[in-house]
Amino acid sequence: MNFKKKLKIGEFSQLMQVTVKTLRHYEQKGLLVPDEVDEWTGYRYYSIDQMQRLKTIRDLQRLGFSLDEIKDLCDSYSHTPTIRQLTEKIKETEAELKLLIARRNQLLDWKNARKEMKTMVCVSRRLVLKCNV
């Protein structure tokens with residue numbers, strides 16, 4: 001059985017479920033540089049080994065790390081966030097969560113006020129209708 005060792009950018013993007021545009025952006029940032037670029041065609045080729053690096057980049061993004069932070073991590077020896085960095089992300093996440101909860105509460109208050117107003121209008125209309133009979 002013959003397995004491909006290099007994948008064109010389109011094949012790699014489909015396999016890893018990211019857009020070609022995203023891969024080019026990562027390349028521009030120095031996060032994930034193609035394993036090979038054909039000098040004649042300009043085609044970008046990625047190796048199977050680069051799948052893990054892309055997975056790591058995406059996982060760190062989902063955890064709230066910026067591309068610049070991810071680049072620093074990937075360039076470091078450990079390739080993983082320190083306890084201090086994780087603690088900072090937890091604090092940032094908690095602050096975002098507080099803002100989201102406050103927004104949710106404001107929306108619920110507004111929704112309840114609108115329901116109450118609608119109920120008062122309906123009750124007022126019924127009273128007017130009864131009085132006119």
Look up atom [atom1] in [X] and atom [atom2] in [Y], then write down how far apart they are to the nearest 0.5 Å.
{"X": "R104", "Y": "K111", "atom1": "CZ", "atom2": "NZ", "answer": "10.0 Å"}
{"X": "L32", "Y": "L23", "atom1": "CG", "atom2": "CG", "answer": "6.5 Å"}
{"X": "Q61", "Y": "E69", "atom1": "CD", "atom2": "CD", "answer": "11.0 Å"}
{"X": "Q50", "Y": "T56", "atom1": "CD", "atom2": "OG1", "answer": "12.0 Å"}

Audit row: I48, K5, side-chain contact (heavy atoms from CB on, under 4.5 Å) steps and yes/no: CA-CA 6 Å; I48 302 298; K5 294 185 182 188; 5.7 Å; no

Which pair of heavy atoms, one from [X] and one from [Y], lies closest together, and at what distance?
{"X": "C74", "Y": "R53", "value": "CB-NH2, 3.2 Å"}
{"X": "Q85", "Y": "T80", "value": "OE1-O, 4.4 Å"}
{"X": "T19", "Y": "S13", "value": "C-CB, 4.0 Å"}

Is it true that [X] and [Y] fall in one hydrophobic cluster, defined by side-chain heavy atoms closer than 4.5 Å?
{"X": "L31", "Y": "M51", "result": "yes"}
{"X": "I90", "Y": "L63", "result": "no"}
{"X": "I70", "Y": "V33", "result": "no"}
{"X": "V20", "Y": "Y45", "result": "no"}

Under 3.5 Å, which donor-acceptor pairs link side chains of residues 36-44 to any protein atom two or more places apart or in another chain?
from: D38; atom 1: OD1; to: W40; atom 2: N; distance (Å): 2.7
from: D38; atom 1: OD1; to: T41; atom 2: N; distance (Å): 2.9
from: D38; atom 1: OD1; to: T41; atom 2: OG1; distance (Å): 3.3
from: T41; atom 1: OG1; to: Y43; atom 2: N; distance (Å): 3.2
from: R44; atom 1: NE; to: E27; atom 2: OE1; distance (Å): 2.6
from: R44; atom 1: NH2; to: E27; atom 2: OE1; distance (Å): 3.4

For R114, all residues meeting side chain to side chain donor-acceptor pair (under 3.5 Å), sequence neighbours excluded: none

Going by the rule side chain to side chain donor-acceptor pair (under 3.5 Å), which residues pair with T93 if we only count those two or more places apart in sequence or in a different chain? none

Dump the intermediate steps for side-chain contact (heavy atoms from CB on, under 4.5 Å) on F12 and L54, then the final yes or no. CA-CA 10 Å; F12 191 74; L54 179 57; 3.7 Å; yes

Is any side-chain heavy atom of I9 closer than 4.5 Å to a side-chain heavy atom of P34? no

Does L99 CG have over 12 foreign heavy atoms under 6.0 Å away? yes

Within the distance-only criterion (no hydrogens, no angle test), does the side chain of T22 pair as donor or acceptor with the backbone N or O of V18 below 3.5 angstrom? no

Whether Q14 side chain and E11 backbone form a donor-acceptor pair below 3.5 Å: no

Show your reasoning for whether side-chain contact (heavy atoms from CB on, under 4.5 Å) applies to D59 and K55. CA-CA 6 Å; D59 289 346; K55 184 185 178 318; 2.7 Å; yes

Just to verify, which of K21, R58, K71 counts as forming a side-chain hydrogen bond (donor to acceptor under 3.5 Å, both in side chains) with Y26? R58

Could you walk me through whether L67 and H25 pass side-chain contact (heavy atoms from CB on, under 4.5 Å), step by step? CA-CA 10 Å; L67 293 181; H25 184 66; 3.4 Å; yes

Is the closest basic N to carboxylate O distance between E92 and K89 below 4.0 Å? yes

